[in-house]
Amino acid sequence: MSSLCDPISSAGGTSLWRHQDFRRYLTGQAASVAGSSISAMALPVLAVLELDASPAQVAWITFMGQLPPALLALHAGALADRRSKRKQMITGDLVSAVVLASVPAAAALDRLSLAQLMVVAAVQGAAGVLHDAAAISLLPSLVDRSLIQRSNSRIGALFAVAATAGSNLGAGLTALLGPARALLGDVGSYLVSAWCTTRIQTRGTNVTRAGSHRLHTEIGEGLRYVRRDHRLRTLTLVNATTSAALALLNTLWALYLLVPAY
């Protein structure tokens with residue numbers, strides 16, 4: 001695992017691939033994206049085939065996973081500005097790994113239930129939004145301002161590849177190991193992400209900054225800033241609409257694909 005994150009010795013200062021911390025950051029985040037795609041593939045299959053979940057129950061599992069990001073995204077962003085971003089990312093990864101590992105453990109003991117899947121989805125969603133908020137705000141401290149646009153393009157491209165690879169891997173693991181044990185692939189991805197984050201050495205990312213304002217005051221300032229900027233306002237609305245549409249698709253696809261298996 002450490003070989004994924006070890007620095008590659010080279011000279012120069014403008015290439016992103018010569019930034020040790022950026023490589024560690026990118027490796028960890030790509031692993032997490034791939035692992036999340038495995039869970040997105042395996043969890044609905046587990047609910048439908050192993051627990052005979054109804055359409056309403058599958059919808060509840062998806063809803064429980066989407067509720068924490070909707071409720072906690074603003075708070076997570078404000079916390080990332082106040083506290084160590086690295087610690088917040090590592091905490092989110094480890095919490096997700098532990099709660100997700102409980103699913104194959106319960107399945108092995110024949111104790112798995114739909115209620116547990118709903119709790120796991122909710123906790124994983126809350127941990128994920130804490131991690132993502134810190135990860136987004138950590139990037140500008142890893143590379144020079146002149147490289148931000150280029151680094152975002154690299155991240156977007158690699159994440160697209162990782163998501164596709166994770167979906168294919170999730171399908172293969174589900175077929176070979178079963179949906180419950182396939183989730184161990186996502187557990188491993190969270191551990192890789194946490195390990196790579198611990199290796200980031202950029203100064204200033206470990207310093208806890210005590211906020212002079214209350215949390216809700218900072219959240220209000222952020223909302224007003226987004227509302228005043230028409231570009232940010234448009235991007236926020238587009239992303240929210242896209243996320244809602246994807247949540248609907250993720251709820252229904254497994255039911256349509258797996259109905260003949262009943």
Side-chain angles (χ1 to χ4, degrees), residues 32-80 88 91-107 111-136 159 163 166-167 170-171 174 178-180 182-187 189-190 219 223 235-259 261-262:
S32 182
V33 169
S36 297
S37 297
I38 294 175
S39 289
M41 174 67 64
L43 271 178
V45 176
L46 178 63
V48 173
L49 292 187
E50 303 293 335
L51 300 176
D52 296 321
S54 67
Q57 289 168 329
V58 175
W60 271 108
I61 293 173
T62 303
F63 174 77
M64 294 301 292
Q66 296 293 326
L67 185 61
L71 297 178
L72 302 177
L74 297 175
H75 298 80
L79 284 174
Q88 186 167 319
T91 299
D93 283 332
L94 295 181
V95 169
S96 293
V98 170
V99 71
L100 195 59
S102 70
V103 175
R111 302 294 298 272
L112 186 64
S113 66
L114 288 170
Q116 180 181 351
L117 290 186
M118 292 180 189
V119 172
V120 167
V123 175
Q124 191 177 8
V129 73
L130 287 173
H131 172 277
D132 292 345
I136 292 172
F159 281 13
S167 296
T174 299
L183 294 174
L184 293 174
D186 195 9
V187 174
S189 76
Y190 284 122
I219 293 173
L223 288 173
L235 287 173
T236 300
L237 292 174
V238 169
N239 287 335
T241 303
T242 303
S243 297
L246 290 175
L248 291 174
L249 289 175
N250 289 336
T251 302
L252 297 175
W253 74 264
L255 294 169
Y256 280 106
L257 291 177
L258 298 174
V259 162
Y262 281 150

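It should be emphasised that the depicted structure is a prediction, and the values quoted were computed from it without experimental measurement.
Side-chain contact check for Leu51 versus Leu117: some heavy-atom pair is nearer than 4.5 Å. Leu79 is listed as a side-chain neighbour of Gln88, based on a closest heavy-atom distance under 4.5 Å.
In this structure, Leu100 and Ser39 approach most closely via the heavy-atom pair CD2-OG, 3.5 Å. Met41 approaches Ser167 most closely through the heavy-atom pair CE-O, 3.7 Å. Across all non-hydrogen atoms, the minimal contact from Ala42 to Ala182 is CB-CB, 4.2 Å. Across all their heavy atoms, Arg111 and Gln116 have their closest contact at O-OE1, 4.1 Å. Heavy atoms only, all atoms of each residue included: Val187 and Ala101 are closest at CG2-N, 3.7 Å. Taking all atoms of both residues into account, the shortest heavy-atom contact from Asp52 to Gln57 is O-OE1, 4.0 Å.
A donor-acceptor distance shorter than 3.5 angstrom exists from the side chain of Ser102 to the backbone of Val99, with no hydrogens or angles considered.
With values rounded to the nearest 0.5 angstrom, Met118 atom CE is found 9.5 Å from Thr62 atom OG1. Annotation: the span from Leu130 atom CG to Ser96 atom OG amounts to 9.0 Å, rounded to 0.5 Å. Note that CG of Leu43 and CG of Leu183 are 5.0 Å apart. Values are rounded to the nearest 0.5 Å.
There is a side-chain donor-acceptor pair under 3.5 Å between Ser189 and Asp186.
Applying the side-chain hydrogen bond (donor to acceptor under 3.5 Å, both in side chains) rule to Ser37 yields no partners; only residues at least two apart in sequence or on another chain are considered.
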